[in-house]
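Basis for what follows: all heavy atoms, side chains included, without hydrogens, waters or symmetry-related copies. Numbered from 1 within each chain, the chains take letters A, B, ... in sequence-line order.
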2 protein chains.
Amino acid sequence: MARWEPDARLRLVRAAIDLYAEQGYESTTVAQVAERAGLTKATFFRHFPDKREPLFAGQEEHAALLADGAALAPDDASPLEVVTAALDHATAAFTAEQRDWGPRLRAVVGTHDELRERAAFKRAHLTGTLAAVLRDRGAGEATAAIAADLGVEAFHRGFDRWSDGEGPSYGDLAREELRTLHAAATALR
Amino acid sequence: MARWEPDARLRLVRAAIDLYAEQGYESTTVAQVAERAGLTKATFFRHFPDKREPLFAGQEEHAALLADGAALAPDDASPLEVVTAALDHATAAFTAEQRDWGPRLRAVVGTHDELRERAAFKRAHLTGTLAAVLRDRGAGEATAAIAADLGVEAFHRGFDRWSDGEGPSYGDLAREELRTLHAAATALR
DNA sequence: TCCATCGATGAGACCGTGTCTCATCACCGT
DNA sequence: ACGGTGATGAGACACGGTCTCATCGATGGA
């Protein structure tokens, strides 16, 4: 793996973020992204299925980590404890580089519906994965859906605050968000 | 408004649903859809912004109705009561034709990620709209987010059951789903 | 040292989506 | 009849995304 100049994939991610931010997503062509990374269009599509995906490269990992963390929780854990375990486990994915990219990614994604759409899809995938784990553990349909919603909401709120440089660790922020959301949920009338 | 053969837009919707179901979404071209509707590719794109949109033609109306219904609720209504009012008001959108198309649409959308993605986006839009109304009415950030999630979840579950031919009226089904979800939410631990 | 292999890349043809411009045609009011 | 208006058709165009074939660079073995 990785001959010639290594890290082609990473170079493509960086080139995409930079160009989409500099010139706008629409007015940037895939060929331009590839060129900035020292590659060609064909190679871009060998690393990513489409023009939007480099911006969301880390997300499948997040889904996997959330699911793994949830599956690793003790058998007698309540749904909310399972979600907490999932959030804690996901902490592993959050490197310094991810934190730096966070705000820039949010800004770029916010500029174009096509990107918002992909973000919504990834989020729905996350929610679905988490809900499936909860159902497998015996939670009711409705309970699984709500707990998953709260977990993913906390996941994103925590990440946003963390990548804005707030708080000590991501894990603490996410847990705090989850507590807040849970309190609001039980108080709902 | 509608000269020549009237209802060009509706004919396009029907042609799209039929062809996407018959031949698959991928292997159907926009030109084919337009041709079945007795039109051309250029006219298709005058009625819809892209190939996916005819399948989701009714959804903006749903968002508007939910928002209107929520805004019409009495000033002292609780978040959940606001959501209930929104669901009741949305009932207006559900014609017999919508019910017939429901299962077919679900089936087609389920066959292709590109369509699932659009569905997730529409749903996120719905949730965002509802949450915004709730925040404007003074609900807290977290409360608005959760109430909106429950509302949209109930909206979709209700619609699925209703379009499967279940239950008396859509309004009753959606209210029932909302009650179930609310019960699960308050019982969450 | 040389060579065969294998995986990553480049080159370029190709189809479909989505945009745009210009011409056409049907309806409408006068 | 006649001109205006708005929906449509025709066709060129750029770009996204797929595919095939050729190339090249590193590796491992004789």
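At a threshold of 4.0 Å, the pair A:K122-A:E53 counts as salt-bridged, since one of the basic side-chain nitrogens sits closer than that to a carboxylate oxygen.
Per the geometry, OH belonging to B:Y25 stands 12 Å off P belonging to D:dG17, to the nearest Å. B:L12 places its CG atom 14 Å from the P atom of D:dA7, with the value rounded to the nearest Å. For the pair B:L10 CG and D:dA7 C1', the interatomic distance rounds to 17 Å; values are reported in whole Å. In this structure, the CZ atom of B:R11 is 14 Å from the P atom of D:dA7, given to the nearest Å. Remark: P of D:dC15 and CD of A:Q32 are 8 Å apart, rounded to the nearest angstrom. Between the CD atom of A:E35 and the P atom of D:dC15 there is a distance of 13 Å, rounded to whole Å.
Between B:T40 and the phosphate of D:dG9, there is a side-chain N or O to OP1/OP2 separation shorter than 4.0 Å. Phosphate contact (OP1/OP2 of C:dA8, side-chain N/O of A:H47, threshold under 4.0 Å): absent.
A side-chain hydrogen bond (donor to acceptor under 3.5 Å, both in side chains) check over residues 166-175 of chain A, counting only residues at least two apart or in different chains, returns the pairs A:D88-A:R175, A:R161-A:E166, A:S169-A:D172.
Remark: A:E117 engages B:R118 in a side-chain hydrogen bond (donor to acceptor under 3.5 Å, both in side chains) (not counting sequence neighbours).
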Quiz: residues 127-136 of chain B side-chain donor-acceptor pairs under 3.5 angstrom, not counting sequence neighbours:
from   : atom 1 : to     : atom 2 : distance (Å)
B:T127 : OG1    : B:R123 : O      : 2.9
B:T129 : OG1    : B:H125 : O      : 2.8

Determine all donor-acceptor pairs shorter than 3.5 Å in which one atom belongs to a side chain in residues 181-189 of chain A; sequence neighbours excluded.
from   : atom 1 : to     : atom 2 : distance (Å)
A:H182 : NE2    : B:L188 : O      : 2.9
A:T186 : OG1    : A:H182 : O      : 3.2
A:T186 : OG1    : A:A183 : O      : 3.0

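Connectivity analysis of hydrophobic side chains (ILVMFWY, heavy atoms under 4.5 Å, direct or indirect) links B:L12 to B:L10, B:V13, B:I17, B:L19, B:Y20, B:Y25, B:V30, B:V33, B:L39, B:F44, B:F45, B:F48, B:L55, B:F56, B:W101, B:L105, B:V108, B:V109, B:L115.
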Polar atoms only, N or O, under 3.5 Å: list the protein pairs with nucleotides 16-20 of chain C and their distances.
from   : atom 1 : to    : atom 2 : distance (Å)
C:dT17 : OP1    : B:V30 : N      : 3.2
C:dT17 : OP1    : B:K51 : NZ     : 3.4
C:dT17 : OP2    : B:V30 : N      : 3.4
C:dG18 : OP1    : B:R52 : NH2    : 3.1
C:dG18 : OP2    : B:K51 : N      : 2.7
C:dG18 : N7     : B:K41 : NZ     : 3.4
C:dG18 : O6     : B:K41 : NZ     : 2.8

